[in-house]
2 protein chains.
Amino acid sequence: MPSTPLRTDPPAHGAQPVTGLRERKKAKTRASIRSHALHLFKEQGYAETTVEQIAAAAEVSPSTFFRYFATKDETVLDDLIDADTFRIMVAAPVELNPIEAMQYAVNRTFARMTDEMLDLEITRNALIQSVPELRKGVMAEINRPIELLTEAIAIRLGRPTDDPDLRLYAGAAVGALMTLTQARDEPRAAMTSLGELIGRLDRVLHLPPA
Amino acid sequence: MPSTPLRTDPPAHGAQPVTGLRERKKAKTRASIRSHALHLFKEQGYAETTVEQIAAAAEVSPSTFFRYFATKDETVLDDLIDADTFRIMVAAPVELNPIEAMQYAVNRTFARMTDEMLDLEITRNALIQSVPELRKGVMAEINRPIELLTEAIAIRLGRPTDDPDLRLYAGAAVGALMTLTQARDEPRAAMTSLGELIGRLDRVLHLPPA
DNA sequence: ATGCTTTTGATAGTGACTGTCATCTCTTAG
DNA sequence: CTAAGAGATGACAGTCACTATCAAAAGCAT
């Protein structure tokens, strides 16, 4: 919390905030720590990897590690919920119903990803599935996607964002989706077939009219 | 895991396992630790209370504390998901539909509780709502109630326990219920009006026929 | 270069949790 | 009633995530 922020971060719109020279190094450090952390986790396991090791691998001090990531699990869980996907959902063709719009957005998100991004996602997902502590962390933030989904549906349907039925519907959708993805054994399948899984939601969900 | 369990715990039926003398002391110690922990949490806050303090208050060593509770938060979260409620749900009058049966079971569970049990629940609930780490712990076990609910509905309807539609339905129900209870500000209301909240589920849920 | 801010590393904690081992206390066989 | 075995306890030492503090270093502007 700087006292006189002469040049703070731009309001975080869709466009890239014109990288400000010094901040590039920070982004690089952050990415480096994250990357080294994930590699180490994959090689030695999550619990077996200490923050000290990660810091050493990324060539920073442990102090610095904690300046970039508040907790060890943040290296895995950060950015997990992709706000972009919900933005795509909002912008999906109007004739799609909410569930179809979700499918559209998810499929499109996967299509946008490069192979290495997909690999990263899969690694991450495998970690989350296998390490209880990480699974815990994901669940803890379950409200975020519910919130985002509520909002996305509200915008699409021109309904108020605080419509209780919408929130209820979104909560049910996320809950159902959660059970669907967790039922899968292989992490790869759960991820790539996400679009298909969403299609099953309308078997049990029903959106009450405004 | 004793090598020769001459007298292990009975198969845990509904009836009370005839308490075996020494085990009574263990139960007492466990209850004591838990009670002291909750009181301290309420007085000084969760993070501000150390395991050492709890152990001291309960007059055991820190080592012993960890023999009874694997983690600090287990003192709060243990026994949170009440399997009995689901048992009551299974036994609810046949003419009730799944949602009505849930309401029936929840209301009955509250009715069974003594005042101090209710107080305990409310304290616990307030803690969970206010301490992020505890909330995390609850979310982590979200699968348990989904599982139990799936099973309860399956039994009531005479459908197979692994019916994917039922699991989906249960997941949606729990997800929706979660958002409903979290929307509330005052913990007391969220708990005691749980039965009423469940009634709203059928606004968005719909169980596909077998 | 000279000030200023921001980032960094070193250091010293705290507290949850683990593992080990000797002691002590029940329980049961004899 | 007692001895032996099993289980429970406490003391101790250690690991590791995470916090707080402070001085040195590096980026940036004038």
Side-chain angles (χ1 to χ4, degrees), chain A residues 1-9 18-33 36-37 40-41 44-78 131-134 136-137 140, chain B residues 1-9 18-33 37 40-41 44-78 131-134 136-137:
Chain A
M1 209 185 284
S3 48
T4 31
L6 292 180
R7 199 202 335 141
T8 337
D9 304 346
V18 188
T19 61
L21 214 50
R22 194 179 201 161
E23 326 191 350
R24 202 170 308 180
K25 198 160 213 166
K26 282 184 75 173
K28 230 168 137 181
T29 304
R30 185 180 175 84
S32 165
I33 295 176
H36 284 287
L40 286 171
F41 292 158
Q44 333 176 334
Y46 179 78
E48 290 71 26
T49 304
T50 70
V51 168
E52 225 177 24
Q53 288 172 2
I54 301 170
E59 292 180 301
V60 296
S61 72
S63 316
T64 297
F65 173 94
F66 283 109
R67 278 192 196 98
Y68 281 88
F69 297 92
T71 61
K72 181 178 164 186
D73 58 1
E74 204 179 299
T75 55
V76 180
L77 299 179
D78 186 54
V131 181
E133 191 190 327
L134 294 176
K136 228 168 116 171
Chain B
M1 211 184 283
S3 47
T4 31
L6 292 178
R7 198 197 342 133
T8 336
D9 304 346
V18 188
T19 60
L21 213 49
R22 193 179 200 161
E23 326 192 347
R24 203 170 308 180
K25 199 160 213 168
K26 280 184 75 173
K28 231 167 135 182
T29 304
R30 186 181 175 84
S32 164
I33 294 176
L40 286 171
F41 293 158
Q44 332 176 334
Y46 180 78
E48 290 71 27
T49 304
T50 70
V51 169
E52 224 176 27
Q53 288 172 1
I54 300 170
E59 292 179 301
V60 296
S61 71
S63 316
T64 297
F65 173 94
F66 284 109
R67 279 193 195 97
Y68 282 88
F69 296 93
T71 60
K72 182 178 163 185
D73 58 0
E74 204 178 299
T75 55
V76 181
L77 299 179
D78 187 54
V131 180
E133 190 191 329
L134 294 176
K136 229 170 116 170

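Everything quoted here is computed from the prediction, not taken from an experiment. In what follows, every heavy atom counts, from backbone to side chain, and hydrogens, waters and symmetry copies are set aside. To find a chain, count down the sequence lines: A is the first, B the second, and so on, and within it residues start at 1.
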Sugar-phosphate only, base, or nothing, as touched by B:Thr50 at under 4.0 Å among non-hydrogen atoms: sugar-phosphate
Sugar-phosphate only, base, or nothing, as touched by B:Phe65 at under 4.0 Å among non-hydrogen atoms: nothing
Which nucleotide in D:dC18, D:dG27, C:dT8 has an atom nearest any side-chain atom of A:Thr71: D:dC18
Nucleotide D:dG7, atom P - distance to CD of B:Glu23 in whole Å: 12 Å
A:Ser61 (side chain) and C:dA10 (base): donor-acceptor pair under 3.5 Å: no
Rounded distance (Å) that lies between atom C1' of D:dT19 and atom CZ of A:Phe66: 9 Å
A:Thr64 side chain near C:dG9 phosphate (N/O to OP1/OP2, under 4.0 Å): yes
Sugar-phosphate only, base, or nothing, as touched by A:Phe69 at under 4.0 Å among non-hydrogen atoms: nothing
Distance below 4.0 Å between B:Tyr68 side-chain N/O and D:dA8 OP1 or OP2: no
Qualifying side-chain hydrogen bond (donor to acceptor under 3.5 Å, both in side chains) pairs with a residue from residues 61-70 of chain A, counting only residues at least two apart or across chains: A:Ser61-A:Thr64
Separation of atom CD in A:Glu133 from atom C1' in D:dC16, rounded to whole Å: 12 Å
B:Lys26 NZ - D:dT9 P separation (whole Å): 7 Å
Length of the NZ-P vector between B:Lys28 and D:dT9, whole Å: 13 Å
Proximity to the side chain of A:Ser63 - top-ranked nucleotide from D:dG10, C:dA16, D:dA20: D:dA20
Over all atoms of both residues, closest heavy-atom pair of B:Asp73 and A:Lys136: OD2-NZ, 3.7 Å
Any A:Lys72 side-chain nitrogen or oxygen under 4.0 Å from OP1 or OP2 of D:dC18: no
Protein-nucleotide distance (A:Glu59, atom CD; C:dG9, atom P), rounded to Å: 10 Å
Whole-Å gap separating P (C:dT7) and CD1 (A:Ile33): 13 Å
Residue-phosphate contact under 4.0 Å: A:Lys25 side-chain N/O, D:dG27 OP1/OP2: yes
Test side chain to side chain contact (heavy atoms under 4.5 Å, CB included) applied to A:Lys72 and A:Phe41, step by step: CA-CA 11 Å; A:Lys72 181 178 164 186; A:Phe41 292 158; 4.0 Å; yes
Pairwise 5' ranking along DNA chain D for A:Tyr46 and B:Thr29, keeping only the more 5' one: B:Thr29
Heavy-atom pair of closest approach, residues B:Thr49 and B:Leu40: OG1-O, 3.5 Å
Side-chain donor/acceptor of B:Ser32 to backbone N/O of B:Lys28, under 3.5 Å: no
Side chain B:Arg67 and base D:dG10 donor-acceptor under 3.5 Å: yes
Interatomic distance where CD belongs to B:Gln53 and C1' belongs to C:dC17 [whole Å]: 17 Å
